[in-house]
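Since the structure comes first, as C-alpha cells, the remarks are kept for the end.
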Amino acid sequence: MNHLHTALWGVLPYLVAVVLVAGTAWRYHYDRFGFTTRSSQMHEHRLLSIGGPLFHYGLLFVVAGHVVGLIVPESLTQRVGIKEPLYHANALLIGGAAGLATLTGLALLVHRRLTVPAVRAGTSRSDRAVFPLLTAVVVAGLSATATTLVPHPYDYRLGVSVWFRSVLALDPDVPAMAGAPLVYQVHALLALTLFALWPFSRLVHAFTAPVGYLTRPYVVYRSRGTTTRPQRMG
C-alpha cells in the first residue's frame with residue numbers, strides 16, 4: 001500500500017461525500033427551482049417514452065443490486081441459505097440485464113438529445129460532462145460483471161464490498177480496494193467522480209422524487225367543452 005492508494009481509497013470517498021452533501025445543500029438554498037430534469041417531453045415523445053423507462057427502471061435494479069452486493073456480507077446470504085454459486089448466477093443474470101437496459105435507455109436518451117434540435121438547444125454544459133461520465137460508469141460496471149462469466153479467483157464480495165462497508169464505518173480498509181482488479185477500481189473512481197458532479201447537474205432531481213404522489217388524492221379534470229347544469233333540490 002502506498003500514498004496513492006491511501007489518497008484514492010482512504011481519503012477521496014470522504015471528500016466526495018462532503019462535496020455531495022454540501023453541494024446539494026448549496027444548490028437547494030440558491031437554486032431551489034433548479035431541482036428538476038428540465039423536462040423536454042413537449043419537444044419529442046417517442047424516443048423518450050422508450051428510453052426513459054428503460055434507463056430509470058434499469059437503474060433502479062442496478063442500484064438495488066449494488067446495495068445488496070456492497071452492504072450485505074457474504075456470510076449473511078449464506079446463513080439464510082443462498083449459496084455463493086446461486087448468488088453470483090442471479091447477480092450475473094439480473095445485474096447484467098439491468099445494466100444493459102440502463103445502457104440502452106441512456107443511449108436512446110443521448111441520441112434523442114443530439115438529434116432533436118429543440119432538445120439539443122436545451123443541453124447545458126453540465127449535461128455534456130455528465131452524460132459521457134454516466135455512460136462510462138455503466139460500461140465499467142458491465143465490464144466488471146462480465147468478469148464473473150468465467151471462474152475467477154477474485155471475489156468482489158471479499159474485497160470491494162469489504163472496503164465499501166469499512167468506508168461507511170469510518171475505518172477504510174485501503175488494502176481491500178487496492179488489491180481489486182483494475183476494472184473494479186476504474187468503476188469505483190468513475191462513480192466517485194459522478195457523485196462529486198451530482199449536485200451541479202440535472203441528476204440532482206433524484207433527491208426530489210415525488211414520493212407523495214403515491215398517496216395524494218386523485219386530480220379530476222373536466223373537459224373544457226363539458227357543461228354541468230345545476231340540479232334542483234326538493
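Basis for what follows: all heavy atoms, side chains included, without hydrogens, waters or symmetry-related copies.
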Checklist entry - When you look at Asp155 and Glu74, which way does the side chain to side chain contact (heavy atoms under 4.5 Å, CB included) test go after all the steps? => result CA-CA 10 Å; Asp155 185 353; Glu74 182 177 349; 3.3 Å; yes

Item to check | Leu48 to Pro53 - nearest heavy-atom pair and separation | outcome: O-CD, 3.6 Å

Checklist entry - Roughly how far, to the nearest 0.5 Å, is the CG atom of Leu103 from the CG atom of Leu108? => result 10.0 Å

Checklist entry - What about Val183 and Phe164, same hydrophobic cluster or not, with Ile/Leu/Val/Met/Phe/Trp/Tyr joined at side-chain heavy-atom distances under 4.5 Å? => result yes

Checklist entry - In terms of hydrophobic clusters joined by side-chain contacts under 4.5 Å, are Val137 and Leu12 together? => result yes

Next on the checklist: Minimum heavy-atom separation for Tyr184 and Met177, please, with both atom names.
Outcome noted: O-CE, 3.7 Å

Item to check | Smallest separation among heavy atoms of Tyr14 and Ser166, with atom names | outcome: OH-O, 4.2 Å

Next on the checklist: Same cluster or not: Leu182 versus Val139, using hydrophobic residues (I, L, V, M, F, W, Y) connected whenever any side-chain heavy atoms lie under 4.5 Å apart?
Outcome noted: no

Checklist entry - In Å and rounded to the nearest 0.5 Å, what is the CZ to CG distance from Arg113 to Leu106? => result 11.0 Å

Checklist entry - Would a distance-only check, ignoring hydrogens and angles, find a side-chain to backbone donor-acceptor pair under 3.5 Å from Trp9 to Trp163? => result no

Item to check | Separation between CG of Leu20 and CG of Leu197, rounded to the nearest 0.5 Å | outcome: 10.5 Å

Checklist entry - Can you check side chain to side chain contact (heavy atoms under 4.5 Å, CB included) on Val130 and Arg202, steps first, answer last? => result CA-CA 9 Å; Val130 166; Arg202 69 174 64 229; over 6 Å; no

Checklist entry - Within the side chain of Arg27, is there an N or O that forms a donor-acceptor pair under 3.5 Å with the backbone of Ser201? => result yes

Checklist outcome for this item: d(Leu134 CG, Leu190 CG) to nearest 0.5 Å is 10.5 Å

Item to check | Heavy-atom side-chain proximity of Val160 to Tyr154 below 4.5 angstrom | outcome: yes

Next on the checklist: Looking at every non-hydrogen atom in both residues, tell me the closest pair between Val16 and Leu192 and how far apart they are.
Outcome noted: CG1-O, 3.5 Å

Item to check | Least distance between heavy atoms, Thr77 atom then Arg157 atom | outcome: OG1-NH1, 3.2 Å

Checklist entry - Nearest 0.5 Å, what's the CZ-CG distance between Arg165 and Leu70? => result 8.5 Å

Checklist entry - Can you check whether Leu203's main-chain N or O pairs, donor with acceptor, with Trp198's side chain at less than 3.5 Å? => result yes

Item to check | Trace of the side chain to side chain contact (heavy atoms under 4.5 Å, CB included) decision for Val110 with Leu114 | outcome: CA-CA 6 Å; Val110 171; Leu114 293 176; 4.0 Å; yes

Checklist entry - Roughly how far apart are Leu189 CG and Leu194 CG, rounded to 0.5 Å? => result 12.5 Å

Show me the donor-acceptor pairs within less than 3.5 Å that the side chains of residues 87-94 make with the rest of the protein, sequence neighbours left out.
| residue | atom | partner | partner atom | Å |
| --- | --- | --- | --- | --- |
| Tyr87 | OH | Tyr156 | OH | 3.4 |
| His88 | NE2 | Glu84 | OE2 | 2.8 |
| Asn90 | ND2 | Leu86 | O | 3.4 |

Next on the checklist: How close do Gly58 and Ala101 get, counting heavy atoms only, and between which atoms?
Outcome noted: CA-CB, 4.3 Å

Checklist entry - Val11 and Leu4: same hydrophobic cluster, using ILVMFWY side-chain contacts below 4.5 Å? => result no

Checklist entry - Would Val63 and Val68 show up in the same hydrophobic cluster when neighbours are defined by side-chain heavy atoms closer than 4.5 Å? => result yes

Checklist entry - With sequence neighbours excluded, what pairs up with Val62 under the side chain to side chain contact (heavy atoms under 4.5 Å, CB included) test? => result His66, Ala98, Thr102

Checklist entry - Would Gln185 and Leu8 satisfy side chain to side chain contact (heavy atoms under 4.5 Å, CB included), going step by step from the backbone distance to the final call? => result CA-CA 10 Å; Gln185 295 182 356; Leu8 291 178; over 6 Å; no

Checklist entry - Just wondering, more than 12 heavy atoms not from Phe61 lying within 6.0 Å of its CZ? => result no

